[in-house]
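This report concerns only the one structure given below.
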Amino acid sequence: MAKADSLTLYVNDHDQPVDTRNASATVTLLSASDKTESNLLPAGGNQLRAQGAFKIQAGTKAVAIVKFGDKPGQSVRFVLK
């Protein structure tokens, strides 16, 4: 979920919420004229969140790398609508 003041990533595995206490993520937002990178931290339940000021517009591409503890990160890509 992307808002002008926060980014929230909900982590699920086969539609089951995943506890994010030991997780972190880095998300990169890419638009035609801008690139923003932010760190997401555990925010309770299955959420990772970053607070700040974000330029959110339709078509912005997001690339997130999610890590759990010392395991290798997993990459997730999506487009904001």
Side-chain angles (χ1 to χ4, degrees):
M1 178 175 289
K3 297 182 179 179
D5 64 349
S6 68
L7 301 173
T8 304
L9 184 64
Y10 295 87
V11 183
N12 296 300
D13 184 14
H14 298 286
D15 294 325
Q16 297 298 316
V18 174
D19 186 353
T20 59
R21 277 182 278 187
N22 295 319
S24 63
T26 301
V27 66
T28 303
L29 299 176
L30 302 164
S31 66
S33 62
D34 200 24
K35 176 181 175 181
T36 305
E37 186 171 291
S38 296
N39 294 317
L40 286 80
L41 300 173
N46 68 327
Q47 299 177 37
L48 296 169
R49 184 173 296 136
Q51 299 289 110
F54 303 100
K55 294 180 182 177
I56 305 299
Q57 58 190 16
T60 298
K61 295 176 184 169
V63 179
I65 299 175
V66 182
K67 288 186 171 188
F68 285 89
D70 59 355
K71 295 181 182 179
Q74 296 292 315
S75 178
V76 181
R77 298 169 186 260
F78 45 94
V79 177
L80 304 177
K81 295 183 178 190

Subject >> Under the side-chain contact (heavy atoms from CB on, under 4.5 Å) test, residues paired with Leu41 that sit two or more places apart >> reply: none
Subject >> Residue pairs involving residues 14-23 (criterion side-chain hydrogen bond (donor to acceptor under 3.5 Å, both in side chains); sequence neighbours excluded) >> reply: Asp19-Arg21
Shared hydrophobic cluster, [X] / [Y] (ILVMFWY, side-chain heavy atoms < 4.5 Å):
X     : Y     : answer
Val27 : Ile56 : yes
Val11 : Phe78 : yes
Tyr10 : Phe68 : no

Pairwise distance [atom1]([X]) to [atom2]([Y]) - rounded to 0.5 angstrom:
X     : Y     : atom1 : atom2 : value
Asp5  : Phe54 : CG    : CZ    : 8.5 Å
Thr36 : Lys55 : OG1   : NZ    : 7.0 Å
Asp13 : Asn46 : CG    : CG    : 11.5 Å

For residues [X] and [Y], determine if any side-chain heavy atom of one lies less than 4.5 Å from a side-chain heavy atom of the other.
X     : Y     : answer
Ser38 : Thr26 : no
Arg49 : Leu40 : no
Leu7  : Met1  : no

Original post:
Above 12 or not: heavy atoms from other molecules or residues under 6.0 Å from CD of Glu37?
Top reply: yes
**OP:** Apply side chain to side chain contact (heavy atoms under 4.5 Å, CB included) to the pair Leu48 and Val66, showing each step before the final yes or no.
**Re:** CA-CA 9 Å; Leu48 296 169; Val66 182; 4.1 Å; yes
Original post:
Which atoms form the tightest heavy-atom contact between Leu80 and Ala2, and what is the distance?
Top reply: CD1-CB, 3.9 Å
Original post:
Which heavy-atom pair separates Leu9 from Ala64 by the least distance, and what is that distance?
Top reply: CD2-CB, 4.2 Å
Original post:
Checking Thr60 side chain against Gln57 main chain: does a donor-acceptor pair fall under 3.5 Å?
Top reply: yes
